[in-house]
Amino acid sequence: MCTAIRFDDDHDSMYFGRNLDWSEDYGEKFVFAPHDYHYQPAFNAEDKNHPVLGIGIIVDDTPLYFDCANDAGLAVAGLNYARYAKYAQEPVNFTTNVAAYEFPLWVTRNFTSVDDVQEALKNVTIVAQAINKQYPVATLHWMIADAKRSIVVECDADGLHVYDDPVDTLTNQPPFPQQMENLGNYAHVAPRTQKSVKWGNVSLATNQDANSSEGLPGGYGSVARFVRAAYNNMHYPTQSGEKANVNRLFKTLSMVSVIEGTAISANGEFEKTLYTSCFSGATRTYYLKKYDDETVASCAMSDFDNSANTLQTK
Ligand SMILES: C[C@H](CCC(=O)NCCS(=O)(=O)O)[C@H]1CC[C@H]2[C@@H]3[C@H](O)C[C@@H]4C[C@H](O)CC[C@]4(C)[C@H]3C[C@H](O)[C@]12C
């Protein structure tokens, strides 16, 4: 399970973040790739050298980002999409070939807006190529966001799809259009409190506030989380200032975060929200809260040495 959301503050700056729900961590931390870091694309992709900060691990001098953002405020997160993700088995001539493991890096090293990524994706092949034997290909879909909007990228058996994401939310399977379709089943849910209702001649008094947002699904499954995260994200009033917006992000994602004991993965282990991360487009700062510690760690792009050519971690 994983959930990602985005929203804007009162000055149209973006906040973007995600829950990473899994049974074991990979030792992920803040990873910064400076302008002059020499990114070696797996195939024929370019590197336009945008500095990138995110959460991930470094393998063979390559940052494998779980989620990240660049100096232009463009952000991306990879979420599990196990049953549907089908990447190309081989690179395809006359297209830009991007290995699945480098997709977040390719997006953020090369583009400054969702519009530009969407245009480039018209001629992109995502290839099922692992970085090495230790890290097999992860079956993911991605949410890409900037200060204006977000899109979802899914590689299904019938090819690559790019969807506008009007609720700025992504969880896991099924495919995004089915998640959006299902939202219609919750169109009646509202924050209002009704004082009383009439059933024919019978007047029923409701408990004060008891029916606020009644009807939201409560489980941790991908479909229930999508509804809950989209509802909370779309109803939270616009906030002013970094503190209130970071707080908004953590509060909204806490509504879909998984605690130990409530979700068991296919291999019989507990899945829980290992971390929640938040990127502020206003200050280019990344925030991170891990399961075992409520303290929020943070670092800004300016905390790293952008004149170096090596990957840096914190
Ligand atoms: C497991 C993570 C996604 C969490 C998630 O969506 N959980 C939902 C579970 S479920 O559907 O509800 O069952 C994904 C997100 C990013 C992934 C990692 C990144 O893609 C970076 C590398 C890529 C390598 O190919 C594999 C290891 C890896 C280090 C990946 C491991 C794992 O697949 C990660 C950590």
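Treat the numbers as computed from the prediction; the structure is a model and nothing was measured. Just follow the structure's listing: the first ligand is 1, and inside any ligand the first atom is 1. Side chains included, hydrogens not; waters and symmetry mates left out as well; all remaining heavy atoms used.
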Practice item. May I ask you to check whether Phe279 and Phe16 place their ring centres under 6.0 Å from each other? Key: no
Point to revise | Phe304 six-ring face occupied by Lys314 cation (under 6.0 Å, within 45°) | key: yes
Review point. Has ligand 1 got any nitrogen or oxygen that is less than 3.5 angstrom from a nitrogen or oxygen of Tyr101?
Key: no
Check your understanding: Donor-acceptor pair, Asn70 side chain versus Phe111 backbone, under 3.5 Å?
Key -> yes
Exercise for review: Ignoring angles and geometry beyond distance, decide whether Arg18 reaches within less than 3.5 Å of ligand 1 through its nitrogen or oxygen atoms.
Suggested key: no
Study note, to complete from the structure: Near Gly78 (heavy-atom distance under 4.0 Å), the atoms of ligand 1 are 15 (C)
Check your understanding: Counting each atom of ligand 1 from 1 as listed, which ones have a heavy atom of Leu79 under 4.0 Å away?
Key -> 6 (O)
Check your understanding: Quick check: are there more than 12 heavy atoms from other residues, nucleotides or ligands sitting under 6.0 Å from NE2 of His11?
Key -> no
**Study point:** Residues Asp156, Lys86: salt bridge by 4.0 Å N-O rule
**Key:** no
Review point. Side chain, backbone, both or neither: which part of Glu271 has a heavy atom under 4.0 Å from ligand 1?
Key: side chain
Point to revise | Contact atoms of ligand 1, heavy-atom distance to Cys2 under 4.0 Å | key: 3 (C), 4 (C), 5 (C), 6 (O), 7 (N), 8 (C)
Point to revise | Atoms in ligand 1 flagged as close to Leu64, the criterion being non-hydrogen separation under 4.0 Å | key: 21 (C), 22 (C)
Exercise for review: Would you kindly specify which portion of Asp21 sits under 4.0 Å from ligand 1, judged on non-hydrogen atoms: side chain, backbone, both or neither?
Suggested key: backbone
Review point. Which residues pass the ring pair (Phe, Tyr, Trp, His ring centres under 6.0 Å) test with His161, sequence neighbours left out?
Key: Tyr163
Review point. For ligand 1, which part of Tyr26 has a heavy atom less than 4.0 Å away: the side chain, the backbone, both, or neither?
Key: side chain
Study note, to complete from the structure: Filtering Ser265, Gly27, Ala130, Pro136 for the heavy atom nearest atom 25 (O) of ligand 1 leaves Pro136
Practice item. Could you tell me whether Val59 approaches ligand 1 through its side chain, its backbone, both or neither, with non-hydrogen atoms closer than 4.0 Å? Key: neither
Check your understanding: Quick one: are the ring centres of Trp142 and Tyr81 less than 6.0 Å apart?
Key -> no
Exercise for review: Answer yes or no: does atom CD of Glu269 have more than 12 heavy-atom neighbours from other residues, nucleotides or ligands under 6.0 Å?
Suggested key: yes
